[in-house]
Protein chains: 2
Amino acid sequence: MAHQAVSPRWDVELVPTLSGRTDVPSIDCPVEVSLAAISGRWTTLVLRNLLPGDGYSYTELAASLPQLSDKVLTERLRELVSAGLVERQIASGFPRRTEYRITERGRELRPLLIELYRTGLALKAHDGTEDE
Amino acid sequence: MAHQAVSPRWDVELVPTLSGRTDVPSIDCPVEVSLAAISGRWTTLVLRNLLPGDGYSYTELAASLPQLSDKVLTERLRELVSAGLVERQIASGFPRRTEYRITERGRELRPLLIELYRTGLALKAHDGTEDE
DNA sequence: CGGAATCCTATCGGATACTG
DNA sequence: CAGTATCCGATAGGATTCCG
């Protein structure tokens, strides 16, 4: 008989469905789906700015994050749009105006971002570098 | 007078404190703190396995994630240990046994991981690729 | 057993310059 | 205004081999 793959003891609240019991980082795992949605430098800041629901032009978005280069801003926006988290509308007229706005789907990330914030505050509170 | 930096409209539930109002991805921002804690390929899987609280030897951990190379496993463990999220104890004896175990601090990540899972399921549910 | 050391490639993200 | 194009250095992570 062959060796059994060693399986952890499952925390069923943490891993309630089978797709979380993977032994590799696969996009089938819900956790990886979420991570993919918020991954990339600057992504969470862009989402933070869009989440209140206001439409932003490209330039406004760039002005709200002055250190963010055009290249990366464009990349992030394309990723978010193609993931259906942000929508892009081009209003005809001159000068051209593009408007970026969070989608319903994008709003699903809000609780996650709140939790990221909350957890970060908790970790900062007791800093992990106290002596015994 | 100079130009004003363009500031977004704040979602005060999402960004309750000043440290979240940064315009660059700084480690001062709580969101970045959380992201740093769970960042890196395989990290969430290692945490998932440790979160039930069982101690794992290096080899058991490796066996629970067979595709994970020694190099990356070691890297991840060092990061987690140095962040105070996991503790490492060496039991004297032969053969040598090292035991990795989640810390109290590490348990603070549990709600975040649950939320990552929850959000991922939600995103998968309505897939973002439906036609109108 | 529990790693460390090397090597190698791919992708990421920053800087800069240019365009319809 | 709203991006694109190009270059480039740094890191991440996988494969493999070695060590106390």
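Reminder, nothing fancy here: chain letters follow the sequence lines and each chain counts from 1. Fair warning: this is a prediction, and the values are worked out from it, not measured in the lab.
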Return the set of residues passing salt bridge (Lys or Arg N to Asp or Glu O under 4.0 Å) with A:Arg101 (not counting sequence neighbours), or none when no residue passes. A:Glu99

Partners of A:Glu87 by salt bridge (Lys or Arg N to Asp or Glu O under 4.0 Å), sequence neighbours excluded? none

Within residues 38-48 of chain A, those residues having any heavy atom closer than 4.0 Å to DNA chain C are A:Gly40, A:Arg41, A:Trp42

Applying side-chain hydrogen bond (donor to acceptor under 3.5 Å, both in side chains), which residue pairs with at least one partner in residues 34-51 of chain A are found, sequence neighbours left out? A:Thr43-A:Arg76, A:Asn49-A:Ser64

Applying salt bridge (Lys or Arg N to Asp or Glu O under 4.0 Å) to A:Glu108 and not counting sequence neighbours gives none

Contact boundaries of DNA chain C with chain A (under 4.0 Å, heavy atoms), 5' to 3'? C:dG13 to C:dG20

Quick note, salt bridge (Lys or Arg N to Asp or Glu O under 4.0 Å) partners involving residues 25-40 of chain B, not counting sequence neighbours, are none

How would you list all residue pairs meeting salt bridge (Lys or Arg N to Asp or Glu O under 4.0 Å) that involve residues 50-61 of chain B, not counting sequence neighbours? A:Arg9-B:Asp54, B:Glu60-B:Arg97

What residues form a salt bridge (Lys or Arg N to Asp or Glu O under 4.0 Å) with A:Lys71, not counting sequence neighbours? A:Glu75

With sequence neighbours excluded, what pairs up with A:Thr103 under the side-chain hydrogen bond (donor to acceptor under 3.5 Å, both in side chains) test? none

Rounded to 10°, the helix from C:dC1-D:dG20 to C:dG20-D:dC1 deviates from straight, judged by its five-pair end axes, by 50°

Treat primed atoms plus P, OP1 and OP2 as sugar-phosphate and everything else as base, then score nucleotides 15-20 of chain D 5' to 3': B for base contact with protein heavy atoms under 4.0 Å, S for sugar-phosphate contact only, - for none. B----B

